[in-house]
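Let me begin by presenting the structure, written as structure tokens, before commenting on it.
Everything numeric in this text was worked out from a predicted model, so none of it was measured.
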Amino acid sequence: MNIDALNNEQKEAVLCTEGPLLVLAGAGSGKTKVLTTRIAYLIKEKGVDPYNLLAITFTNKAAREMKERVAKLIDYKYENMQISTFHSFGLTILRKYYNIVGYKSNFTILDSDDSLTTVKKIIKELNLDPKNYNPKAIRNRISSAKNELMTPDLYSKYANTDFEEKVVEVYRGYQEKLVKNNSVDFDDLLMLPIQILKENPDILKLYQERFKYILVDEYQDTNRAQYILVKMISAKYKNICVVGDESQSIYSFRGADYKNILNFEKDYKNVKVILLEENYRSTKYILNVANDVINNNKNRKDKKLWTKRDEGNKVKCYTALNEKDEAHYVVSEIKKLLVNGVDRKDIAVLYRTNAQSRNVEEELLKENIPYKVVGSFFFYKRKEIKDLIAYLKLIYNTDDDNSLERVINVPKRAIGIKTVQKIQDEANIKNTSMFNAISKGKELDFKLMIEEIKEQAKNISLTELIDLILDKTGMLAELKSEDSLEADIRIENLNEFKSITANFEEMYGIISLESFLEEISLVADIEEHKNETNLITLMTVHSAKGLEFDNVFIIGLEEGIFPHVNSLSSYEEIEEERRLAYVAITRAKKNLELVNAKSRMLFGQENNNLPSRFINEINPDNLIQEKNVINKIEKANLIDESASYTLGEKVKHDVYGVGMVVAIKDKTIDVAFEHKYGIVTFMKGHKVIKKIGE
DNA sequence: CGGCAATGTGTTTTT
DNA sequence: CACATTGCCG
């Protein structure tokens with residue numbers, strides 16, 4: 001551990017261990033370094049037991065990175081140090097004290113789809129018309145209420161309109177249903193622990209005593225519930241260090257309030273405030289651009305980021321004709337970088353909304369450039385995967401009605417809506433879960449099957465359990481009998497899912513169904529469960545927070561896209577969009593490109609959008625316009641069906657250079673390139689592969 | 001009950 | 001446009 005490597009302010013933030021500390025850390029000012037060094041310092045120099053530390057981050061990724069970096073600093077990995085997200089921390093409390101709030105030990109966590117389904121069900125039971133009472137809107141209201149720690153009773157006191165009164169009713173029914181199903185939603189992971197701590201001072205005392213030192217990252221993005229949780233636990237020792245930057249507050253839609261950071265000095269007495277303004281990440285031009293944009297926000301503490309780094313390259317701007325051209329341009333620029341020896345992992349494409357990844361993905365696929373889409377829940381949203389997970393959840397917690405309804409007729413068992421409705425009614429009468437209410441008919445066979453699998457599950461590994469489910473339920477047999485390409489893909493997906501669990505078991509030994517379900521509830525991103533590393537990264541700006549890349553492309557910089565159309569009418573929201581743009585820009589270390597499209601297909605219609613106001617806010621001296629309009633929208637067939645190869649044959653690729661064919665498969669070939677690219681798989685006859693001498 | 005066609009409906013951002 | 005939901009019929 002080397003404290004001398006820090007600047008004076010960073011050093012102070014590490015050494016000032018006692019009492020409340022507020023670190024206002026600009027983007028790229030070495031905030032993670034401060035946090036990890038501080039933890040290491042507490043353990044190694046101050047002799048603090050890691051068990052007494054609590055560090056809270058915003059994403060699972062950040063938590064994992066922090067754990068790794070701390071382990072490196074102290075040359076040891078403490079298993080019992082609590083470094084986690086708010087939600088997983090909440091879950092650890094709930095796993096201990098579930099009974100206080102009326103749950104059984106095997107409660108499950110609803111994903112957002114399940115929670116919406118439950119809301120819809122309640123709306124139906126209350127005989128409300130979903131056209132007038134939009135289920136999604138109500139779900140969002142319930143979620144906000146929970147993040148404000150409002151129970152249905154409390155919420156009803158503030159309900160003014162008819163709509164709000166109906167929300168109260170649905171909220172009540174929803175909550176009852178959750179308890180009946182022995183399941184909690186995401187927001188409960190914060191709300192229930194707080195309730196437990198509030199109502200049980202002795203338990204609160206245990207936590208206060210345990211967590212003598214608390215660190216909270218991204219404090220500007222805490223909502224009411226998170227704020228209260230930290231406040232309660234830190235109340236005794238008040239050794240609390242919060243780090244944040246109000247200019248990077250981008251989660252107000254989730255109830256985050258950046259005023260939490262501005263009010264910190266009022267909330268705690270004798271607060272020490274440290275400002276980190278030196279940026280170690282970006283070149284001068286990139287920082288200039290970031291400052292040009294954020295200076296247009298009125299609601300912010302005056303803070304100036306500066307850097308000792310070189311001027312670097314001016315920030316490139318490109319105006320594309322449409323979204324296809326935009327993607328084509330970005331990928332052509334990426335190819336240039338790759339040819340110059342840049343690693344794929346050092347390149348990121350950022351956008352405002354998830355849907356924007358698609359065109360870029362298509363272009364990357366055309367060029368056979370490996371990439372990952374962060375935060376794509378695509379894999380877990382697939383029907384066969386959701387079905388399998390529902391079976392796992394049901395086996396773990398048979399009271400989970402959502403999961404039961406999902407799979408009771410998968411594969412087809414001739415149990416239709418009518419039967420399901422009957423079971424539901426029966427369950428309501430008996431005031432129990434649907435599983436318990438089943439007593440006859442084909443559905444009883446289903447129940448017995450689940451109970452049998454549950455019994456057998458006790459003695460086998462998770463991966464074996466999955467095989468057992470696929471076999472016993474007939475899911476696999478049904479897919480196999482279908483004998484279509486689509487069914488083959490589904491089977492392949494199920495195998496991929498199994499490889500994830502196998503991978504888990506390899507890493508952690510025997511893994512319980514409980515921990516596995518917890519993992520996929522809290523980390524629903526498939527990419528975080530895979531091991532591939534050297535990939536181009538595609539993600540939303542929100543997901544990019546806290547990360548950095550040498551080369552960054554920000555696409556879709558248009559009025560209506562970024563800033564998003566739903567934010568245009570309110571000044572507050574425009575400021576949040578601007579902070580978002582600031583976050584995006586400050587991810588870049590060396591090269592930054594800003595791209596917008598003149599026209600774009602949206603809702604199946606062509607839209608002509610003006611360039612984003614954020615581009616106009618930048619001093620043109622910091623920018624360089626890329627003029628070469630690339631408009632070769634290629635229609636030629638990508639695959640030459642007639643191509644044939646021989647082992648050992650040399651081929652050429654624009655980006656990877658000359659390589660050798662090392663394997664010939666049914667539809668693909670493997671080509672070995674120069675060491676740093678390794679072996680790459682291509683479709684046979686793909687136009688990116690050229691035969692030498694042609 | 002199950003399958004298909006017609007209709008409708010909506011999109012920010014995430015733990 | 002893409003997907004979800006509804007409605008109709010065998």
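Side-chain proximity of K412(A) to the nucleotides dG3(B), dT14(B), dT15(B) is greatest for dG3(B). Checked against dT11(B), dT15(B), dT14(B), the side chain of K136(A) finds its nearest nucleotide in dT11(B). Closest contact between the side chain of F186(A) and the listed nucleotides dG10(B), dT14(B), dT15(B) involves dT15(B). Listed candidates were dG3(B), dT11(B), dT15(B). Nearest to the side chain of H564(A) is dT11(B). Of all nucleotides listed (dG2(B), dA2(C), dT13(B)), dT13(B) comes nearest to the side chain of N354(A). Closest to the side chain of N60(A), out of dT15(B), dT14(B), dG2(B), is dT15(B). Side-chain atoms of H542(A) lie closest to dT13(B) of the nucleotides dT13(B), dC1(B), dT15(B).
Between D113(A) atom CG and dT14(B) atom C1' there is a gap of 14 Å when expressed in whole angstrom units. Between N134(A) atom CG and dT9(B) atom C1' the separation is 10 Å, expressed in whole Å. Rounded to whole angstrom, the span from the NZ atom of K386(A) across to the C1' atom of dC3(C) amounts to 13 Å. Distance D129(A) CG to dT6(C) P: 11 Å, rounded to the nearest Å. Rounded to whole Å, atom P of dT5(C) lies 9 Å from atom CG of L116(A). Atom CZ in R600(A) sits about 15 Å away from atom C1' in dC1(C), given to the nearest Å. Between the P atom of dT15(B) and the OH atom of Y380(A) lies a distance of 14 Å, rounded to the nearest Å. We find that CD of E362(A) is positioned 13 Å from C1' of dC1(C), with the value rounded to whole Å.
Aromatic rings of F89(A) and F211(A) (six-membered ring for Trp) have centroids within the 6.0 Å cut-off, being under it. Residues F253(A) and H542(A) place their aromatic rings such that the two centres sit under 6.0 Å apart.
Across all strands shown, F562(A) has no heavy atoms under 4.0 Å from either base or sugar-phosphate atoms. At a threshold of 4.0 angstrom between heavy atoms, the contacts of F86(A) with the nucleic acid are absent. If you check every strand for non-hydrogen atoms under 4.0 Å, S88(A) touches nothing. If you check every strand for non-hydrogen atoms under 4.0 Å, K381(A) touches nothing. Within 4.0 Å (heavy atoms only), N409(A) reaches sugar-phosphate atoms of the nucleic acid but no base atom. Note on S112(A): nothing from the nucleic acid sits closer than 4.0 angstrom, heavy atoms only. Among the protein residues, I417(A) comes within range of the sugar-phosphate backbone only, with heavy atoms under 4.0 Å from sugar or phosphate atoms but none that close to a base. The residue R579(A) sits apart from the nucleic acid: no heavy atom pair falls under 4.0 Å.
Remark: R600(A) engages E326(A) in a salt bridge, criterion side-chain N to carboxylate O under 4.0 Å.
Within 6.0 Å of atom CZ in R358(A), 12 or fewer heavy atoms from other residues, nucleotides or ligands are found, so the atom counts as exposed in its surroundings.
Between R358(A) and the phosphate of dA2(C), there is a side-chain N or O to OP1/OP2 separation shorter than 4.0 Å. Regarding contacts with the backbone of dT14(B), a side-chain N or O of S543(A) is found under 4.0 angstrom from either OP1 or OP2.
The shortest distance between side-chain heavy atoms of R64(A) and T57(A) does not fall below 4.5 Å.
Comparing the same atom, P, in dT13(B) and in dA4(C) gives a spacing of 16 Å after rounding to whole Å.
Comparing N566(A) and V420(A) against DNA chain B, the residue whose closest nucleotide sits nearer the 5' end is V420(A).
Aromatic stacking is not marked for F603(A) over dT11(B), as the cut-offs of 5.5 Å for the centres and 30° for the planes do not both hold.
Note on ring orientation: taking the six-membered ring where Trp is involved, the planes of Y251(A) and F58(A) are tilted (angle from 30° to 60°).
Judged by distance alone, the side chain of H328(A) and the main-chain N or O of E363(A) form no donor-acceptor pair under 3.5 Å.
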